[in-house]
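Notes follow once the structure below has been shown.
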Amino acid sequence: MAPHDLRRPFKRPAISDQQRRREISLQRQAQNRRDAQQHARCLASTLLYLQFPQAEPASEPELELESVPEFQAEFGTELEVEFEASPREFDIRQASKLKGSQARKWFAGQLMLPEWMIDVPDQLAQDWYVFARPAGKRCFVVSTNGTTVSRLRNGSILNRFPSALPNGARARDASGSAQSYSILDCIFHESDQTYYVIDMVCWRGYSLYDCTAEFRFFWLNSKLAETGACDQPSYYHRYRFCLVQVYNCDQAGLSAAYTGAVPYVKDGLIFYNKHAHYQTGNTPLALVWKDENCSQYVIDTDSKGQIPSQQQVVLELQDNGNLTTSDDPPVVFGFLDEGFVQKSGLHPGNLLRFAISEGGLSFVDGKLARADLKYLGKSNRARAFADSYSKVVFQHMARHSPLQFDDLLASIGSSIDQEDKPSEVEMVG
């Protein structure tokens, strides 16, 4: 790699309010502590007990739930599982009645979804971790009552199997409570049939929702290997679990995550704010960044695997005709008049695909001012939600003015100014 002038000043023009929202998110999590234990217990049972009548094969893709009536019937059945009602969380009995797109949205909303990096965070070296993201299927893995289940973002079962996780197999943890459960945030890497664990949500019934990423990574590193989950597969442990290598995001750590060898196919870099709690949904306290050197898929492709000549986006149609992103609050990209909506047979809640035409995207003071949209049609029904604002902008930048790895390095500053501390958080599976 060519040497970098790390002393040069660095500041790209802001095209978003991502930094401001990061600060707000940190303030909000300190003010709005919730009943995380109840939420974790509800999620664990939802992930485990909402089942297809027959288990899907491991190679099954993310299914379109409306096309599987058996799944709808199971989803519409109220389960005989008792929970204390929580006014702030989605109860298991409500979740069990969801179907189709609503079910996909609910399950997808339980994961912490990183925003795309469109502005380099302040204090990147001091306050952030970085690791190479494994390519594969993002999923929750829950172990309880002698079995282990992994579910994709749309709620469909990826695998049901015995594991060495706590209460993950009938032959293990016989002395532990049968009601104890653990929830891991994983990426299933198809080529080596391995679950790469990127976060820990709950461990032996102890919720980690309101713990910082710094603590969650420490706990994950400390506890997972003790169970034997990182061992090679066996009769009572069908799939291997593996930790990813996490680094402090100083110059050495960032370079190691970017260029270092890993046992999986890389799909970009993930950045975690050390102080961030496990926040469900999109959060600016976790970020994804890609370029062609660390990901095969930097610019979105069409259904044929080709990069379209114009950027395509998926937006959600609202009651008033607005076209919005999946953010909370959503960002309005455009508007469809009532006549066009009725003529096209569209309904509020539909996910619609658009091309960004010649006029492109325009920004004023870090906010979207105008988007030149061309309607293409309805999105694939398997999708759970619209694109996020950060994804649309990142894709736009990737085509016109990408955020380069040199920009990330330069933003950290001279290594002389770095604190003298170890770079690596040991998380070797």
Side-chain angles (χ1 to χ4, degrees), residues 10-12 14-26 29 111-135 138 185 187 196-200 211-218 220-221 243-260 262 264 266-291 293-295 297-298 327 388-391 393-395 397-398 402-413 418-419 421 423-425 427:
F10 171 82
K11 190 67 176 179
R12 286 172 61 102
I15 59 172
S16 81
D17 59 350
Q18 203 169 44
Q19 178 59 36
R20 182 182 64 84
R21 290 186 292 102
R22 278 190 283 270
E23 296 168 356
I24 292 174
S25 292
L26 287 170
Q29 73 178 19
L111 288 164
M112 183 165 79
L113 304 176
E115 290 192 7
W116 292 72
M117 184 187 288
I118 50 182
D119 291 330
V120 180
D122 294 342
Q123 301 296 312
L124 187 62
Q126 292 78 22
D127 291 343
W128 293 77
Y129 292 125
V130 62
F131 61 89
R133 183 193 186 278
R138 181 85 178 274
D185 187 343
I187 295 174
Y196 286 92
V197 187
I198 63 173
D199 213 332
M200 178 181 281
C211 298
T212 64
E214 190 169 27
F215 180 81
R216 295 197 311 276
F217 287 168
F218 166 77
L220 175 58
N221 185 50
L243 295 166
V244 297
Q245 194 120 14
V246 178
Y247 300 90
N248 286 313
C249 196
D250 53 22
Q251 291 164 6
L254 179 60
S255 295
Y258 184 63
T259 63
V262 290
Y264 50 81
K266 289 184 183 180
D267 186 23
L269 301 181
I270 295 289
F271 298 79
Y272 266 60
N273 187 287
K274 296 179 181 180
H275 311 291
H277 296 174
Y278 195 94
Q279 301 179 13
T280 59
N282 294 327
T283 173
L285 298 179
L287 301 168
V288 61
W289 174 89
K290 299 180 181 183
D291 73 0
N293 294 319
C294 66
S295 176
Y297 308 104
V298 180
D327 302 274
S388 66
Y389 175 75
S390 64
K391 179 183 179 181
V393 176
F394 184 92
Q395 289 291 312
M397 291 168 55
L403 186 63
Q404 304 279 3
F405 181 72
D406 285 355
D407 297 332
L408 302 182
L409 275 178
S411 72
I412 293 175
Q418 300 280 325
E419 296 181 15
K421 59 183 179 181
S423 166
E424 187 175 310
V425 179
M427 291 185 68

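Just so you know, residue 1 is the first one in the sequence shown, and it goes up from there.
- The ring pair (Phe, Tyr, Trp, His ring centres under 6.0 Å) search around Y196 returns H189, Y264, not counting sequence neighbours.
- Considering every non-hydrogen atom in both K266 and G260, the closest pair reads NZ-O, 2.9 Å.
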- Hey, mind stepping through Q245 and V262 against side chain to side chain contact (heavy atoms under 4.5 Å, CB included) and telling me if it holds? CA-CA 8 Å; Q245 194 120 14; V262 290; 5.9 Å; no
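- Applying the ring pair (Phe, Tyr, Trp, His ring centres under 6.0 Å) test to W128 and every residue at least two apart in sequence or in another chain returns nothing.
- Using a 30° and 60° split on the angle between ring planes, W116 and F394 fall in the tilted class, from 30° to 60°.
- Rounding to the nearest 0.5 Å gives a distance of 11.0 Å between CE of M200 and CZ of F218.
- Q395 places a side-chain N or O within 3.5 Å of a backbone atom of V298 that can act as its donor or acceptor partner.
- Residues K290 and G268 share a closest heavy-atom pair of CG-CA, 3.7 Å.
- One N or O on the side chain of D291 and one on the backbone of C294 form a donor-acceptor pair closer than 3.5 Å.
- Atoms OG and CG, on S411 and L254 in that order, are 8.0 Å from each other to the nearest 0.5 Å.
- From K274, atom NZ reaches atom CG of N248 across 4.0 Å, with rounding to the nearest 0.5 Å.
- The nearest pair of heavy atoms linking Y129 to E214 is OH-CG, 3.1 Å.
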- Task: Given side chain to side chain contact (heavy atoms under 4.5 Å, CB included), test M117 with L408 step by step and report yes or no.
- Result: CA-CA 10 Å; M117 184 187 288; L408 302 182; 3.5 Å; yes
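- A pairwise comparison of heavy atoms in P402 and D407 identifies O-OD2, 4.0 Å as the closest pair.
- A distance-only check finds no donor-acceptor pair linking the side chain of R133 to the backbone of W289 [under 3.5 Å].
- Not one N or O on the side chain of S255 forms a donor-acceptor pair closer than 3.5 Å with the backbone of A252.
- Residue D185 holds its CG atom at 4.0 Å from CD1 of I198, rounded to the nearest 0.5 Å.
- For Y297, the ring pair (Phe, Tyr, Trp, His ring centres under 6.0 Å) criterion is met by no residue, not counting sequence neighbours.
- Contact detail for I412 and C249: the closest heavy-atom pair is CD1-O, 3.5 Å.
- What you find for L287 and P114 is that their closest heavy atoms are N-CB, 3.8 Å.
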- Message: Could you go through L220 and D199, starting from their C-alpha distance and side-chain angles, then the distance that decides it, and tell me whether this counts as side chain to side chain contact (heavy atoms under 4.5 Å, CB included)?
- Response: CA-CA 7 Å; L220 175 58; D199 213 332; 5.8 Å; no
- Task: Carefully, step by step, assess L124 and F271 under the rule side chain to side chain contact (heavy atoms under 4.5 Å, CB included).
- Result: CA-CA 9 Å; L124 187 62; F271 298 79; 4.1 Å; yes
